[in-house]
Enquirer: 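I'd like to ask some things about the structure below.
Atoms considered below: every heavy atom in the structure, side chains included; atoms not considered: hydrogens, waters and symmetry mates. In what follows, every chain begins at residue 1, and chains take the letters A, B, ... in the order their sequences are listed.
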Protein chains: 2
Amino acid sequence: MEELNTEQKILEAARQVFIHKGMEGARMQEIADEAGINKALLHYYYRSKDKLFEAVFSQIFTEFFGKVSIVLFSEASIKDKIILFTDTYIDTIAANPFVPQFIINEINRDPSMMKKLMEKSGFNPKKLVSLFGTQFKDSKYDIRHFIVSILGLCIFPFAARPLLQTIYFDNDSEAYDAFLIERKEYLKNMMIKFIEA
Amino acid sequence: MEELNTEQKILEAARQVFIHKGMEGARMQEIADEAGINKALLHYYYRSKDKLFEAVFSQIFTEFFGKVSIVLFSEASIKDKIILFTDTYIDTIAANPFVPQFIINEINRDPSMMKKLMEKSGFNPKKLVSLFGTQFKDSKYDIRHFIVSILGLCIFPFAARPLLQTIYFDNDSEAYDAFLIERKEYLKNMMIKFIEA
DNA sequence: GTCTATATGGCGATAGAC
DNA sequence: GTCTATCGCCATATAGAC
């Protein structure tokens with residue numbers, strides 16, 4: 001953190017606080033403390049909390065969907081792509097465990113953010129639909145069920161961690177970590193069965 | 001709403017506002033307006049916003065898990081129970097589409113709420129684990145993966161609706177409603193394959 | 001029990017010195 | 001560019017009349 005200039009420090013600090021507290025729960029004071037600067041300086045670089053949030057959120061959104069999309073442009077076969085997608089997606093979430101829930105919440109709070117973000121991030125959902133579509137073209141169900149299923153299966157254990165850990169793991173954090181690691185294999189295995197079914 | 005006494009009106013109003021805005025996003029003024037009373041009267045019945053929230057949240061939590069748990073005590077076969085559970089669970093969420101996300105968020109905000117709530121609601125997670133455990137006792141994976149999968153598959157399409165609807169359904173609300181209806185059959189079908197695999 | 005009016009505190013934002 | 005001091009608003013909470 002010490003090597004960054006002030007603007008970068010602010011962005012990084014805001015990122016941490018916003019991800020964990022959300023737009024409404026975050027406090028400018030806490031962001032300033034985290035960045036090791038004064039509250040007034042936040043307003044010098046970003047005129048308002050809204051502007052700061054917008055900068056942070058669009059960055060996070062773009063990064064997150066960017067990493068996930070890469071695999072879709074690889075040379076692998078369709079089956080391998082699906083496995084690879086699951087693998088990459090889980091890893092990305094594990095490295096940013098609070099991000100999916102954060103994105104979902106903020107979009108729920110203000111759905112109008114979505115459109116501009118999709119343009120900005122260059123994320124193309126048709127790509128994902130057509131990828132899975134060619135694999136399951138004779139299924140009796142809408143392909144999007146499969147896509148939503150993968151996303152939910154990967155995201156949910158992270159998004160609902162405190163609840164699930166308490167209910168099913170006696171609040172044992174290490175046991176839950178092990179569960180999450182095992183889940184990656186579990187899901188890839190599930191995907192294979194899905195594809196072959 | 002007109003037949004209720006003041007305390008019930010407050011509780012019902014608070015329920016609506018809290019579910020849609022969350023603890024941090026909710027405003028006492030909005031709750032008072034929704035209940036058709038004065039802001040000061042909220043404090044007369046519930047001394048603080050925290051107390052009011054606690055009352056509402058514990059009620060919602062208990063109701064939600066109560067409805068879902070009923071099926072586990074039925075006389076059906078294990079396979080039928082799993083199908084019935086999926087069926088009931090989807091219906092419960094569809095009738096309360098914002099509740100799961102609300103619960104998850106508030107637990108994330110304050111994980112310490114979980115323990116007392118589990119006692120209060122009488123919800124017994126061992127019941128669910130043992131139910132599925134007898135069915136999948138020779139699986140190479142922890143049974144809890146299956147439980148978490150069902151929950152995620154059911155909850156996610158509701159929790160992330162604005163995001164998913166925008167990305168995959170061109171923001172067509174009716175198309176998404178149809179998708180949700182179809183999903184019930186899709187998931188039951190998936191469960192059957194799961195069980196037989 | 002229900003209201004109006006007001007106190008109290010916190011937070012985003014600005015002014016102005018350096 | 002960075003700080004201290006302060007403004008102004010808004011939300012929770014209370015006082016007190018009816």
Side-chain angles (χ1 to χ4, degrees), chain A residues 1-60 98 102 105-110 112-113, chain B residues 1-60 98 102 105-110 112-113:
Chain A
M1 189 83 103
E2 284 311 314
E3 315 251 337
L4 304 174
N5 64 33
T6 303
E7 188 166 358
Q8 290 169 327
K9 280 195 289 189
I10 291 175
L11 219 54
E12 183 53 33
R15 189 188 170 93
Q16 294 308 319
V17 176
F18 277 133
I19 284 179
H20 287 89
K21 305 288 179 69
M23 166 65 183
E24 280 167 346
R27 294 291 165 255
M28 293 297 266
Q29 184 62 59
E30 191 178 351
I31 295 173
D33 292 347
E34 178 82 19
I37 55 150
N38 190 277
K39 206 171 51 165
L41 209 51
L42 293 180
H43 289 88
Y44 175 79
Y45 283 94
Y46 301 87
R47 297 169 54 119
S48 69
K49 187 183 181 183
D50 276 330
K51 300 268 189 205
L52 178 55
F53 176 79
E54 199 184 325
V56 168
F57 188 74
S58 105
Q59 191 193 55
I60 292 172
F98 300 99
F102 168 65
N105 278 332
E106 299 304 328
I107 296 296
N108 283 349
R109 190 176 57 81
D110 178 12
S112 71
M113 284 195 297
Chain B
M1 188 81 102
E2 286 311 314
E3 316 252 338
L4 304 173
N5 65 31
T6 303
E7 189 166 359
Q8 292 169 327
K9 280 196 288 188
I10 290 175
L11 220 53
E12 182 54 33
R15 190 188 168 93
Q16 294 308 319
V17 176
F18 277 134
I19 284 180
H20 287 88
K21 304 288 180 70
M23 166 64 183
E24 282 166 344
R27 295 289 165 254
M28 294 296 266
Q29 183 62 58
E30 190 178 352
I31 295 173
D33 292 345
E34 179 82 18
I37 56 152
N38 191 276
K39 213 173 39 166
L41 209 51
L42 293 179
H43 289 87
Y44 175 79
Y45 283 94
Y46 301 88
R47 296 169 58 111
S48 69
K49 185 183 180 182
D50 276 330
K51 302 266 190 208
L52 178 55
F53 177 79
E54 199 184 325
V56 168
F57 189 72
S58 106
Q59 192 193 54
I60 291 172
F98 299 100
F102 170 65
N105 277 330
E106 299 304 329
I107 296 297
N108 282 348
R109 191 176 56 81
D110 179 12
S112 71
M113 285 195 297

Enquirer: About how many Å separate CD1 of Ile107(A) and OG of Ser112(A), when rounded to the nearest 0.5 Å?
Expert: 8.5 Å
Enquirer: Roughly how many Å is it from CD1 in Ile31(A) to P in dA13(C), rounded to a whole number?
Expert: 11 Å
Enquirer: Kindly point out which of dT2(D), dC3(C), dT12(D) is positioned nearest to the side chain of Leu41(B)?
Expert: dC3(C)
Enquirer: Rounded to the nearest angstrom, tell me the gap between atom CG in Leu4(A) and atom P in dG1(D).
Expert: 16 Å
Enquirer: If only side-chain N and O atoms of His43(B) are considered, is one of them under 4.0 Å from the OP1 or OP2 phosphate oxygen of dT14(D)?
Expert: no
Enquirer: Between Tyr44(B) and dA13(D), is there a side-chain N or O to OP1/OP2 distance below 4.0 Å?
Expert: no
Enquirer: What I want to find out is whether Arg109(B) reaches Glu106(B) closely enough, with some N-O distance under 4.0 Å, to be called a salt bridge.
Expert: yes
Enquirer: Rounded to the nearest angstrom, tell me the gap between atom CD in Glu24(A) and atom C1' in dG12(C).
Expert: 15 Å
Enquirer: Rounded to whole Å, how long is the line connecting atom CG of Leu52(B) with atom P of dA13(D)?
Expert: 10 Å
Enquirer: Can you tell me which nucleotide in dT2(C), dA15(D), dA13(D) comes closest to the side chain of Tyr45(B)?
Expert: dT2(C)
Enquirer: Hey, is CD on Gln16(B) packed in by over 12 heavy atoms from elsewhere, all under 6.0 Å?
Expert: yes
Enquirer: Is any side-chain N of the basic residue among Lys21(A) and Glu24(B) closer than 4.0 Å to the acidic one's carboxylate O?
Expert: no
Enquirer: For the pair Phe102(B) and Phe57(B), name the ring-plane relationship: parallel under 30°, tilted 30 to 60°, perpendicular over 60°.
Expert: perpendicular
Enquirer: Rounded to whole angstroms, how far apart are CE on Met28(B) and P on dA13(D)?
Expert: 6 Å
Enquirer: Lys49(B) NZ to dT14(D) P: how many Å, rounded?
Expert: 15 Å
Enquirer: Choose from dG12(C), dT14(C), dA13(D) the nucleotide whose nearest atom is closest to any side-chain atom of Ala40(A).
Expert: dT14(C)
Enquirer: Calculate the interatomic distance between Asp33(B) atom CG and dC3(C) atom P; express it in whole Å.
Expert: 12 Å
Enquirer: Measure from the side-chain heavy atoms of Arg27(B) and tell me the nearest of dT12(D), dC11(C), dG1(C).
Expert: dT12(D)
Enquirer: Tell me the interatomic distance from Leu42(B), atom CG, to dA11(D), atom P, rounded to whole angstroms.
Expert: 14 Å
Enquirer: Report which part of the nucleic acid Ala32(B) touches: base, sugar-phosphate, or nothing (heavy-atom distance under 4.0 Å, all strands).
Expert: nothing
Enquirer: Return no unless some side-chain N or O of Ser48(B) is found under 4.0 Å from OP1 or OP2 of dT12(D).
Expert: no
Enquirer: From the options dC3(D), dA13(C), dT2(C), select the nucleotide whose nearest atom is closest to the side chain of Thr6(B).
Expert: dT2(C)
